[in-house]
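The structure appears below as structure tokens.
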Amino acid sequence: MLPIVRTRLDAFRELEPTDDLRRFHDRLIQEQERLVAAVETLGDAAQREDRATAARAAQEGAGATTRSKLLFRRLGLTRCAASPF
């Protein structure tokens with residue numbers, strides 16, 4: 001999963017939104033960075049068998065995903081909004 005979210009983040013960084021959508025794009029980048037960090041933390045916590053940290057990371061990842069879906073829709077990226085990530 002980590003390679004997928006990293007690749008997608010890189011692709012979003014390459015987009016050049018119009019001025020009226022820039023703030024939504026910038027916010028999407030922030031949320032996707034949070035998702036990448038959460039996935040990384042979740043993987044590290046799983047290796048250490050740290051359930052508390054894994055649970056917090058999963059919750060943060062879920063929140064970033066939910067917020068990203070709203071931003072995808074606002075930006076007209078409907079296929080991304082349908083993605084499970």
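Position 1 is the first residue of the sequence, and the numbers go up from there. Scope of the values below: all heavy atoms of this structure, side chains included, with no hydrogens, waters or symmetry mates.
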- Message: I'd like to know if Arg34 and Glu40 make a salt bridge, using a cut-off of under 4.0 Å between side-chain N and carboxylate O.
- Response: no

- Inter-residue atom distance Glu60.CD - Leu35.CG, 0.5 Å rounding: 9.0 Å

- Message: Tell me whether Lys69 contacts the main-chain N or O of Ser83 through its side chain, where contact means a donor paired with an acceptor under 3.5 Å.
- Response: yes

- Query: Under the 3.5 angstrom rule, does the side chain of His25 hit a backbone N or O of Thr18 as a donor-acceptor pair?
  - Reply: no

- Message: Can you tell me if Gln30 has over 12 outside heavy atoms packed within less than 6.0 Å of its CD?
- Response: yes

- Query: Salt bridge between Arg13 and Asp10, side-chain N to carboxylate O under 4.0 Å?
  - Reply: yes

- Query: Which heavy atom in Ala54 sits nearest to a heavy atom in Ala45, and how many Å separate them?
  - Reply: N-CB, 3.6 Å

- Which value, rounded to the nearest 0.5 Å, describes the distance between Asp26 atom CG and Leu21 atom CG? 11.0 Å

- Query: Linking I/L/V/M/F/W/Y whenever their side-chain heavy atoms sit closer than 4.5 Å, directly or via other members, would Phe12 and Leu2 fall into one cluster?
  - Reply: yes

- Taking atom CZ of Arg22 as the centre, report whether more than 12 heavy atoms of other residues, nucleotides or ligands fall under 6.0 Å from it. yes

- Is it true that atom CZ of Arg48 has more than 12 heavy atoms of other residues, nucleotides or ligands lying nearer than 6.0 Å? yes

- Task: Determine the minimum heavy-atom distance between Ala38 and Ala57, stating which atoms define it.
- Result: CB-O, 3.4 Å

- Query: Once you round to the nearest 0.5 Å, how far does CD1 of Ile29 lie from CG of Leu9?
  - Reply: 5.5 Å

- Message: So that I can tick it off, tell me whether Arg27 and Glu31 are bridged by a salt bridge, with the cut-off set at under 4.0 angstrom between side-chain N and carboxylate O.
- Response: yes

- Give the intermediate values and the outcome of side chain to side chain contact (heavy atoms under 4.5 Å, CB included) for residues Val39 and Arg6. CA-CA 10 Å; Val39 171; Arg6 282 184 177 160; over 6 Å; no

- Message: I'd like to check Ser68 versus Leu28 (side-chain heavy atoms, cut-off strictly below 4.5 Å). Are they in contact?
- Response: yes

- Interatomic spacing from CZ in Phe24 to CZ in Phe72 - rounded to 0.5 Å: 14.5 Å

- Query: Which value, rounded to the nearest 0.5 Å, describes the distance between Leu71 atom CG and Arg67 atom CZ?
  - Reply: 9.5 Å

